[in-house]
Enquirer: 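Below: one structure in structure tokens.
Letters A, B, ... are given to chains in the order of the sequence lines, protein chains preceding strands, and every chain is numbered from 1. Computed from a predicted structure; not experimentally measured.
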Amino acid sequence: MPVEQKPSSLVQGTLHMLILKTLALEPMHGYGIGVRLEQISKGVFRVNAGSLFPALRRLERDGLIAGEWQVTENNRRGKYYALTAQGRATLKRETKDWEQQTAAIARILAASLGEL
Amino acid sequence: MPWLTRVVGGIVGLVRRTRQEQDLDAELQEFLEMAIEDKVRAGLSREAAARAAHMELGSAAAVKDRVRDVGWEHVLETTWQDVRYAARTLRRTSGFTAVAVVALALAIGANTAIFSLINALMLRALPVSHPEQLVELLSVYPGEPRTQFFWWRHYEHFRDRNQSFSDVLAVARSRFNVSGEGLEPGAVEGEYVAGNFFTALGVRPFLGRVIDAADDQVGSPSAASAVVSWSYWTNRLHSDPAIVGKVLVLNDVPTTVVGVAPRAFAGLQVGLSPNLWVPAAMEPLVQRPSRRVDGTMTVGVMGRLKPGVTIEQALVEMRVLDRYRLEDMVKARQSAASVRGITIELEPAAAGFAALRDRFATSLLVLMAVVALLLLIACTNVASMLLARGAARQHEMALRVSLGAGRVRLVRQVLTEALLLAAMGSIVGIALASVGAETLARIMLSGRESLRLQQHVELLVQPDLHVLLFTTTVAVLTAVLFGAAPAWHAATSAPASSLRATAAGGETRSRRLFGKSLVVAQVALSVVLLSAASLFVHHLSNLRNQDFGFQRASLLLVTLDPANSGYPREQLFAPYQNLLSRLGEIPGVRSVTLSGVTPISGAGASRFISVEGFEEAADARRYVPLNWVGPQYFETFGTPLLAGRDFAFTDQGGPPVAIVNQAMARYYFGDKDPLGGRFQLVGPSNSGITGAPPDQVYTVIGVVGDAKYLDLREVPPRTIYLSAFQEPRMFANQFALRTTGRSAAVAGEVRRIVREELKTVPVAGVMTMDDLVDASVVPERVIATLSTFFGGLGATLAALGLYGLLAYTVTRRTTEIGIRIALGATRSDISRMVLRGALGLVCAGLVIGVPLALLSRRAASRVVADLPADSVWPLVLATAAMLAIALVAASLPARRAARVEPVDALRQ
């Protein structure tokens, strides 16, 4: 499959997918999502609030996640986001797409003349 | 359906905005707290942790802004902000706003008005099924306006033989005297239609049924059926729901109403709305002798193209079928010459018959060009005002940029202002246009006998979707045009330099040049408009003041209608002679006469003639216009009698005599003396007037000067005058009185005397020759008046633009002027300096405008016939007017500059 995406949209799309994946593990509040992403990626991805909150708003707007105020483990109030059924389906589809794309890219990058 | 989710989300967002904002605030607060706690747990002091967390979060306001940006409703919000801001700005500078709105309103209004006329006349499709398939058949004779009239038998030939059309329909106008139960008797406009008329058009009845093929059989019992129009049914028949089956009496023929046409359908000619339709087969019942039966009933013909057949293909076929018509006409007219050159043409008829379109299209297109120019001037004018104001607002723009406003947002802001101005202008303009278009339509159609119909022509010009779309497009385009320069400027304003610069010096050279070029453009466009206006005025005055061959002033025209008076035409001679002598006794009347044809009234009669001793090939024969006149005709009209004598009452009963005009004498008699020359009228009459027996020989007794006959645009034709008192019947019902003073003053006296002398003969019309001339030049007058008005408006706007620029320049250069005066420049030096600057701009405008004016004049003369395009005067006049107006505009700032006090100026 040909990949024709601009870097910015690729990054944005990726962020959405990563957030969905994080929330697929368990419902989480904004700060937690950022921390979780950083932990899992071993510090490669640091998402600042200026990117995180617009992304959350957009996902919520599109009906992929739903937010709900709950009490946190430290007895604070936090808005916990959870995947909706639609979000789950989207994540599944995007994951598959992503795997196909990365596999294709990997093959191209690994290619040597002899294989052609 | 993600878009639906988004739309709903947006609406929810708008409705619950406060709630979402609070949520977001709380969320960000929590985020911050959690981050601080995390950092404290990692060992930082509370204070350091808070600082680090704040740094990481950045500006909470910026984050919130980005979150808000997610939904589409955000665009609405910011647009609303822009609109409110623009409205505030415009209110603050109410003077500028008022001028701009008035300029735009007049320009947009004028465009809308003219366009709504064009739309009503040329663009609006008929309310029938697939109007785009309709084509009209037209007969063209070189050098003459094309006509839509065909004989019934030619129509039948086309209808039955063609392969191109799925249907061919015919329609003929007529007038009926209608009476019936509960109906005030009176004349109504009606149409004879072919049996397939309604079905071919796909027009379904509102009530009852439409006329069908069975009705349109001569002798059919249902031939006397009528479909009434919706408006006739509502206005005259009281919307009677049981109208179908009732009987109306049309010219003594009891006619059954079989249906009511739908509301939208008002026939195929825009401007004429028939009250009822009857089958063409009803004509033999009404008219005797019938012209339907002998096939010479004149009808307009439309065809519906079969799917896949182009108009070109249809034309090829019709040219072949048309041979039948041409041969038939040669037989009927006994002359091949009068038929040679006649061709058939097809014209798309989605908007109905072309007659009115043909008559007014030129005028309307010229006016459209004029108002488009005006709109351009108004745009340029508003742009230059906005730009000047933009200079004053540079500081504000710079401040907003440095406070973080994006350039896109600034451009949007400026464009919003432009759109708001254009919107206000359009709203006022549409109001102006609706009044203007109605008035204009009334004036344009008031000319003499549009279409040679006695019928009242009424054009519905109420705005429809087309007009609204047009105006909206024009408004947006205008806004973009005049908003572009200021917007571009806003986008490129560099905050630092602007903030630093003082108000006076912070203007770039390129920007000053741009402001100047806008003024130059206004001057150039105004010169084009002014020169066009004075060209049209020149044309009009040429038309009105040309030599008609008769004196138009102080001439009263009175038409009598003896048709239903009980006087047979054979017995009118003595009463008319008495009437002439009574009318001649009215104080202030110098002479009085009568004639069958009133010159330049658009109606006339003509015959072929055969002159003794003049050999003429049959092909070279031309119709010669005729008039039947009484004694003193030439004296009354002021046409010089060049040789021989005038008609006299004593000629009655004597040998037939005639007077010819100079053109006629020169052509037929050459160097010979025309007096005593003899000729005959031959061939059929084309006017229905069949007077003297054929082969009557006329002797020429006089020669008169050439005079206009049918129309004031024509070259006077060869003309024959016969004595009205020598014909077997009296045809001359047009009385003419030459008066010493204002001719309308004796009209009352004339009516009184006619009542006394001929009790039963009504006066059908009274008008002066001046009125007739005016009525003949209505389109030219409308163009001249409107283009002068718009030209003046354009020049005023240009002057305003010039004034604005100069006033601004003087303010900006106050210090410099002060220094000059301190260094010894006199006050007149200073005002000369300002005036020189103005003159430079105007001259630049003229240099561009004059060639443009020449070009546009050439274009105009291609569209308008006989335009005096070679005359230099219009251009000279336009240039002088522009210079004068500009001088007035420049004198105020020049005076202000001269009054600058050096001390004050230097202290600034």
Enquirer: Can you tell me how far NZ of A:Lys79 sits from CD of B:Glu30, rounded to the nearest 0.5 angstrom?
Expert: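 These two atoms lie 12.5 Å from each other.
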Enquirer: Which region of A:Leu64, side chain (C-beta onward) or backbone (N, CA, C, O), has a non-hydrogen atom less than 4.5 Å from a non-hydrogen atom of chain B, or is it both or neither?
Expert: neither
Enquirer: At a 4.5 Å cut-off on heavy atoms, which part of B:Glu37 comes close to chain A: side chain, backbone, both, or neither?
Expert: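 Answer is side chain: those atoms of B:Glu37 sit under 4.5 Å from chain A.
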Enquirer: Work out which heavy atom in A:Trp69 is nearest to a heavy atom in B:Glu27; give both atom names and the distance.
Expert: CH2-N, 3.8 Å
Enquirer: When rounded to the nearest 0.5 angstrom, what distance separates CD1 in B:Ile36 from OH in A:Tyr31?
Expert: 9.5 Å
Enquirer: Taking B:Asp23, B:Leu24, B:Leu32 one by one, which has the highest count of heavy-atom pairs under 4.5 Å against chain A?
Expert: B:Asp23
